[in-house]
Amino acid sequence: MLKLSIENLLIAAWKQLELPAVAMEVHPSERPEFGDFSTNLALVGARVAGLPPRELAERLAKKLPKDAFSQLEIAGPGFINLFLHPSTIQAALQEILQMGDRFGCSKRLVPTSMQIEFVSSNPTGPLTVGHGRQAVLGDVLASLYEALGYTVSREYYFNDEGHQIDLLSRSLWARYRQLLGDSTAVPEEGYHGSYLIEIARNLKDQYGDDFQSFDEETALTFREEAVSRITTIIKDDLDQLGIEFDAWFSEGSLHRNGEVNAALESLRRKDGIYEKDGAVWLKAEENGGVKDSVLIRKDGRPTYLMVDIAYHINKQRRKFERVIDVQGADHQVEQSCVKAAMRILDYPEEFLGYAVHQFVSIKEGGQIARMSTRAGRFILLHELVNELGRDVVRYFMVARKPESHLEFNMDLARAESLDNPVYYIQYAHTRIASIFRKARALAIDPAKVDLSPLQAKAELGLIKRLDRFPEVVEEAALGFAPHLLTDYALGLARAFHAYYTEHRVIGENESLMTARLSLLSAVQTVFHRSLSILGMSAPEAM
RNA sequence: GCGCCCGUAGCUCAGUGGACAGAGCAACGGCCUUCUAAGCCGUCGGCCGGAGGUUCGAAUCCUCCCGGGCGUACCA
């Protein structure tokens, strides 16, 4: 990577001045007259050097190897603008060509074994567009870390027992009785969505009028039917988005295996709990949490938080070195409490990270729709995907930074469906594929081509853009910010389309043509990698 | 009240300490005998919510205020 090697040159020069280290930045120049890269090293280092920035820049410049840059300028308040030799940039392309599909791996991270938990919606209804954001966000984060070389397990945590599931069972039974002509009402707090009617119809067809009262046996039968049918629906919803989990983890198993009690004992041994008002509380506040919270209710039942802590202990026992939970912004208190528990248990601070995202609202006919699974008011994820397609939905779900509220404008999504960034990016890939179809007979080996004919500004610019890809992947992963990748892909598409219009490939003299084919091969690789991480298709033709 | 997030072009949003603030869409004007026009080129459009402060330098950091969202459960 060009940036890395420039940083190293600057650090080496800085060391020769025998000054304490400072945090500097090297970034691609925003304007051509500022060269290829710029650094603020002389600006941030002026204080420790006790020199005016421009004078420090002069001294630094003398310490840099003479042949490293074609030109070096000190500009403005003390920026050092660096101009690269075309051969340096061409060498970066050579490196990309040699990496091929492995391009994007991190050079400075030490990849480990990681788990990403997301969606984790209880099996009480189909996924809504709100879950969709989390589903895509989690899946793309996982792919980003995989691209960096991590081993990632995608996990879905679900609860198939307890109060909400009882309500679900009772709601289903009410729908069943309604089909048989009764006026049994769905509980006020129950689940009102129409999907339960479908499931009830099946039960009616299978059992007729066998379940007349909601006794224990009925409750169990209806619960199992509801959970298994809805779990299938959820898996189908995810499948439609191209998301597959490595593990489905049952909350109930934590109770059955005694892990909840064991977790409580671990906290007790670390002096992390106390009793008050007949309940057991977590000492969250003194461990960085928002506020102390109940772990064991006065009736002896553990709270969701208690079980959640047990779950995280379980994750740690499974030897994941790093765990990321993708969650909505409404779990802030819960998150801080779990983190507090991790501190009490002396887990490393970086063990658990929360990727928090804000909510999705749907704007349709000028109206903003708020969603509630229980009330049966929501737009279903699969409706959205049916209408717009997997690629479009996935793109829009991660194209915003997670901490921004996502307004999904249905009217706009439909109207723009033929003119949106998704096709713009895919079309770039298609155009390259088309050139390669025409050039197939030439059968070049991109890794052995002489790249020196690549001298045009647009070509060197494209290479510099490609060269940034690993850095973008790394930033997007570490910052839980997949939108950096959609932004990058869009920018690369723009640069490519402009290049495509201005320059030709087929028909140029052989050395130029093969050099350009090599460049396009690298561009195609990066589009392919980007789209693959985003879980979008890279069409050969459109 | 308190905590977290958001407020940037007509709309949806990037940019979170650096040199004249960016993109997509919308609007307007050009470009198809040559590798796919789902494209390209150009124009229009902004006191970066407001007021103070820190800094050589602030959309970015700090304080206060205004507006919107989400929390603030012995719910999950």
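In what follows, chains are A, B, ... by sequence order, proteins preceding strands, each numbered from 1. What you see is a predicted model; the values in this text were computed from it and never measured.
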Rounded to whole Å, the NE2-P distance (A:His27 to B:rG15) equals 16 Å
Taking Watson-Crick and G-U wobble contacts under 3.5 angstrom, with | marking pairs to another strand and [ ] crossing pairs, the secondary structure of RNA chain B is written ((((((((.[[[[.)..(...]]]].(((((.......))))).....[[[[[..)....]]]]])))))))....
Query raised in the report: Taking only side-chain nitrogens and oxygens of A:Ser404, does any of them come within less than 4.0 Å of OP1 or OP2 of B:rA14?
Result: yes
Closest to the side chain of A:Ala279, out of B:rA14, B:rA76, B:rC74, is B:rC74
Practice task
Remember a base hit wins even if backbone is also touched, and classify A:Asn159 as base, sugar-phosphate or nothing at under 4.0 Å, heavy atoms.
Solution key: sugar-phosphate
- Message: Whether A:Arg431 contacts B:rC40 is assessed here as follows: a side-chain N or O lying under 4.0 Å from the phosphate OP1 or OP2. Is that the case?
- Response: no
Of B:rG15, B:rC4, B:rC5, the nucleotide closest to the side chain of A:Gln332 is B:rC4
Closest of B:rC35, B:rG24, B:rU12 to the A:Ile435 side chain is B:rC35
Base, sugar-phosphate alone, or nothing: which one does A:Glu540 contact when heavy atoms must sit under 4.0 Å apart? base
Against the side chain of A:His483, the closest entry in B:rA76, B:rG24, B:rA14 is B:rA14
Checking B:rU72, B:rC35, B:rC6 against the side chain of A:Val333 (C-beta onward), the nearest is B:rU72
Distance between the C1' atoms of B:rG68 and B:rA23, in whole angstroms?
24 Å
- Message: Categorize A:Glu33 for me: base, sugar-phosphate, or nothing, with a 4.0 angstrom heavy-atom threshold over every strand shown.
- Response: base
In short, A:Leu10 meets A:Met24 closest at the heavy-atom pair CB-CE, 4.0 Å
Side chain to side chain contact (heavy atoms under 4.5 Å, CB included) filter on A:Ala46, not counting sequence neighbours, yields A:Pro53
Testing B:rG18, B:rU55, B:rG69 for proximity to the side chain of A:Phe79, the answer is B:rG18
Picking from B:rA14, B:rG69, B:rG39, the nucleotide nearest the side-chain atoms of A:Arg400 would be B:rA14
Distance between C1' atoms of B:rU8 and B:rG24 (Å, rounded)
15 Å
Of B:rG24, B:rC13, B:rC74, the nucleotide closest to the side chain of A:Lys298 is B:rC74
Have a look at A:Asp487 and say if it touches a base, only the backbone sugar-phosphate, or nothing, with a 4.0 Å heavy-atom cut-off. sugar-phosphate
Regarding the side chain of A:His331, the nearest nucleotide among B:rA38, B:rA76, B:rA19 is B:rA76
Within residues 280-295 of chain A, the residues having a heavy atom closer than 4.0 Å to RNA chain B are A:Lys291, A:Val294
At 4.0 Å (heavy atoms only), tell me whether A:Leu490 reaches a base, stays on the sugar-phosphate, or touches nothing. sugar-phosphate
When rounded to the nearest 0.5 Å, the distance separating CD of A:Glu508 from OG1 of A:Thr514 is 11.0 Å
With A:Ser38 as partner, the option from A:Leu82, A:Ile6, A:Ile80, A:Asn81 fulfilling side chain to side chain contact (heavy atoms under 4.5 Å, CB included) is A:Asn81
Review point. Can you tell me if the side-chain N/O atoms of A:Tyr424 get under 4.0 Å from OP1 or OP2 in B:rC40?
Key: yes
With the side chain defined as heavy atoms from C-beta on, A:Pro77 is closest, among B:rG69, B:rG18, B:rA14, to B:rG18
Heavy atoms of A:Leu168 and A:Pro123 approach each other most closely as CD2-O, 3.4 Å
Exercise. Mark yes or no for a side-chain to base donor-acceptor pair under 3.5 Å between A:Asp308 and B:rA76, with no hydrogen or angle criteria applied.
Key: no
Ring centres under 6.0 angstrom apart (A:His331, A:Tyr354) | no
Check: With a non-hydrogen cut-off below 4.0 angstrom, is A:Ala498 in contact with a base, only sugar-phosphate, or nothing?
Finding: sugar-phosphate
| Under 3.5 Å, is there an N or O donor on one side and an acceptor on the other linking the side chain of A:Thr303 and the base of B:rA76? | no
**Prompt:** Going through the checks in order, is the salt bridge (charged side-chain N to carboxylate O under 4.0 Å, His left out) test met by A:Asp299 and A:Arg301?
**Reply:** CA-CA 6 Å; A:Asp299 65 9; A:Arg301 290 158 46 234; 2.7 Å; yes
| query | Taking the same atom, P, in B:rG45 and in B:rU60, what whole-Å distance lies between them? | reply | 25 Å
* Asked: Are any of the side-chain heavy atoms of A:Met397 and A:Leu137 separated by less than 4.5 Å?
  -> no
field: B:rG46 versus B:rG15 - spacing of their C1' atoms, nearest Å
entry: 14 Å
Pairwise C1' distance, B:rA9 and B:rA26 [rounded to whole Å]
11 Å
In whole angstrom, give me the gap between the C1' atoms of B:rC44 and B:rG29.
11 Å
